[in-house]
Amino acid sequence: MTTTTHRTPRRGRAAAAAALVTVLALTATACQNDDPKPGVAASGTASKPSIDLKDIQDALAKVASWTADDWADWASKHGFKPEDVAALKDFWDQGKLNSAKGVKPKEANVAQAKTPTRAEVVFPNAIPAKAQPHPYNPDTAVVGKIFMQIAADSYAECSGTVVADPQHPGKSNLVWTAAHCVHEGKGGDYFKKISFVPAYNKAGAASNGRKGTFEQVAPLGVWAARNIYVMPQWGAEGGEKGGPASQFDFAVIRVVNQNGGSKSLEETVGGAVPIWFGAQPDQITTPSAYGYPADDPFDGQELEHCDSAAKPTPYVYDASRPPMLSIGCTMTGGSSGGGWFTRHDGKLALFSNTSVGNTPTSMLAGPNLGQDAKRMFDAFLQSKQQ
């Protein structure tokens, strides 16, 4: 990806942000839907003859120059609205956790890949997923399940990772996942009752067909979402299949323990993984994808992983955006949002997350977390909403 060092004057940046807010407002008029479906846009969008696709694209292109203030202004109008923690405290129970359906990685739709084209890409061979042995150690306990309400009596699940917070070393309350695990995409809204269960089924109480108790499958508690950032491109363009928006299919969540307490998520779990922003495919050795696949042949109870001996294969839908990264993996729905890890500077680091896959499942793809992701993350750290 080619980057530019040109800096837009502050007034210009603010104007660009205001223009995007106006454009996004037109595509999100029907977003206030209390009955969203994962990955399915709400029906009906508002538009005006004076606003066309080019206007939206031009506005989105300016996101790269946003300041933290611009991000805060956008989030105040289109950001996640946290729900009352007290009301969430007793919402999730064993029945709801068990009934949650795995959110599928988006269909790769690689035929639309631009450069390299689908014909030019040799995708990696399938790598069978392997279950992580119990009990999970601190390195793998950082991965957990994200649960969300998608209808009055319908629930879904994704995967997420506890990531390090540079502003609060050793005391992070941050979770990284896919944007499509928290927000419907174009014409949609954020899901409801979004909560993170770290180290789900850590000791294996619900393995091999056993019925573990709520306390056993959620040994480190349930952590409610208090703030979420996704890229505006996802909210404006995200859809059912892989496409340009998938190159920005990532999200960061700030959580709080629904039962209170003074310990942070990182202290509770025993660790957090730093994010390696700007990792290039040829720098990533022995990548591993982790998650909780729930669709056949998996049951959603086990933390699974695919370990590759090959470097990720890049491809893009939009050459102006960071490329997707693909590895062989047989994980299914529910693995969406799960972290991709490798060694960096001698430490385990997260460099992507599961976004799209193919059918039959033989590979997964995730976004390259470049400078756009870094700017979003930095702005999130400065956001005032706790």
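Hydrogens, waters and symmetry mates are skipped; everything else that's a heavy atom, side chains included, is used. Residues: numbered from 1 along the sequence shown. In this text the structure is predicted, and so the values were computed from the model without any measurement.
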Q: Mind checking the NZ-NZ spacing from K192 to K81? Nearest 0.5 Å is all I need.
A: 9.5 Å

Q.
Using side-chain heavy atoms (C-beta onward) and a distance below 4.5 Å, is V85 in contact with R226?
A. yes

Q | Distance-minimising heavy-atom pair for Q233 and V63 | A | NE2-CB, 4.1 Å

Q) Looking only at heavy atoms, which two atoms of P198 and G221 are closest? And how far apart? A) CD-O, 3.5 Å

Q) Any side-chain heavy-atom pair from E304 and T330 closer than 4.5 angstrom? A) no

Q. Can you find a pair of side-chain heavy atoms, one from L369 and one from L350, that are under 4.5 Å apart?
A. yes

Q. So, the side chain of H305 versus the backbone of A289: is there a donor-acceptor pair under 3.5 Å, distance only?
A. no

Q: Give the ring-plane orientation class for Y229 versus W74, where under 30° counts as parallel, over 60° as perpendicular and anything between as tilted.
A: perpendicular

Q.
Quick one: does any side-chain atom of E267 pair with a main-chain N or O of K171 as donor and acceptor, under 3.5 Å?
A. no

Q. Would F147 and Y155 satisfy ring pair (Phe, Tyr, Trp, His ring centres under 6.0 Å), going step by step from the backbone distance to the final call?
A. CA-CA 7 Å; F147 291 92; Y155 315 99; 9.1 Å; no

Q) Atom OH in Y317, atom CE in M324: separation rounded to 0.5 Å? A) 6.0 Å

Q) Is L265 reachable from M148 through a run of I, L, V, M, F, W or Y residues, each pair having side-chain heavy atoms under 4.5 Å apart? A) yes

Q) What distance do W340 atom CH2 and T161 atom OG1 have between them, rounded to the nearest 0.5 Å? A) 12.5 Å

(Q) Is the shortest side-chain heavy-atom distance between E237 and K186 below 4.5 Å? (A) no

Q. Counting only N and O atoms by type, is there a donor-acceptor contact under 3.5 Å from the side chain of D73 to the main-chain atoms of D70?
A. no

Q. Heavy atoms, side chains only, cut-off 4.5 Å: are Q149 and F191 in contact?
A. no

(Q) For A179, is there any backbone N or O sitting under 3.5 Å from a side-chain donor or acceptor partner on D249? (A) yes

Q. Hey, does the side chain of S159 reach the backbone of G334 with a donor-acceptor pair shorter than 3.5 angstrom?
A. yes

Q: Side-chain contact test, heavy atoms from C-beta onward, threshold under 4.5 Å: evaluate it for S335 versus F298 and give yes or no.
A: no

Q) Donor-acceptor pair, Y292 side chain versus Y200 backbone, under 3.5 Å? A) yes

(Q) Donor-acceptor check, side chain of N358 to backbone of M363, threshold 3.5 angstrom: yes or no? (A) yes

Q: Verify side chain to side chain contact (heavy atoms under 4.5 Å, CB included) between Q283 and F351, making sure each step is shown before the conclusion.
A: CA-CA 11 Å; Q283 298 175 306; F351 69 90; over 6 Å; no

Q. Which value, rounded to the nearest 0.5 Å, describes the distance between W71 atom CH2 and W66 atom CH2?
A. 5.5 Å

Q. Regarding T332 and D295, is there a side-chain donor-to-acceptor distance under 3.5 Å anywhere?
A. no

(Q) Between S264 and H168, do the side chains contain a donor N or O and an acceptor N or O under 3.5 Å apart? (A) no

**Q.** Shortest non-hydrogen separation from P287 to A310 and the atoms involved
**A.** CD-O, 3.3 Å

Q) When I228 is tested against each of T177, V255, I194 for side-chain contact (heavy atoms from CB on, under 4.5 Å), which residue passes? A) I194

Q) Does the side chain to side chain contact (heavy atoms under 4.5 Å, CB included) test come out yes or no for W234 and H180, once each step is laid out? A) CA-CA 8 Å; W234 178 259; H180 78 260; 3.3 Å; yes

Q: Taking the side chain as every heavy atom from C-beta outward, state whether R254 and S383 have any atom pair closer than 4.5 Å.
A: yes

(Q) Just so I know, are the side chains of F214 and V222 near enough to count as touching, which here means a heavy-atom distance under 4.5 Å? (A) yes

(Q) Can you tell me if N137 has over 12 outside heavy atoms packed within less than 6.0 Å of its CG? (A) yes

Q: May I ask you to decide if V163's main-chain N or O and S172's side chain share a donor-acceptor pair within less than 3.5 Å?
A: yes

(Q) Quick check against the 3.5 Å criterion: does K145 have a side-chain atom that pairs as donor or acceptor with the backbone of V197? (A) no

Q: Find out whether the Lys NZ or Arg CZ of R321 is both under 6.0 angstrom from the six-membered ring centre of F248 and within 45° of the ring's axis.
A: no

**Q.** Heavy-atom pair of closest approach, residues C306 and I127
**A.** SG-O, 3.5 Å

Q. Any luck finding a side-chain donor-acceptor pair between S320 and D318 under 3.5 Å?
A. yes

Q. If two hydrophobic side chains count as joined below 4.5 Å and joins carry through other members, does V256 share a cluster with I146?
A. no

Q: Apply side chain to side chain contact (heavy atoms under 4.5 Å, CB included) to D165 and N173, showing your working.
A: CA-CA 7 Å; D165 181 348; N173 284 309; over 6 Å; no

Q) Does Y136 use its side chain to pair, donor to acceptor, with the backbone of L303 at less than 3.5 Å? A) yes

Q | Spacing of CZ belonging to F341 relative to NZ belonging to K347, to within rounding of 0.5 Å | A | 15.5 Å

Q | Step-by-step side chain to side chain contact (heavy atoms under 4.5 Å, CB included) determination, T342 to T285 | A | CA-CA 7 Å; T342 192; T285 58; 4.2 Å; yes

(Q) Looking at every heavy atom in both S246 and K241, which two are closest together, and how far apart are they? (A) OG-O, 4.1 Å

Q.
Using the side-chain contact (heavy atoms from CB on, under 4.5 Å) definition, which of the options V230, N368, N353 pairs with F250?
A. N353

Q: Please round to the nearest 0.5 Å and tell me the distance separating atom OG of S308 and atom CG of L364.
A: 11.5 Å

**Q.** Which atom of W223 lies closest to which atom of T268, heavy atoms considered
**A.** CZ2-OG1, 3.6 Å

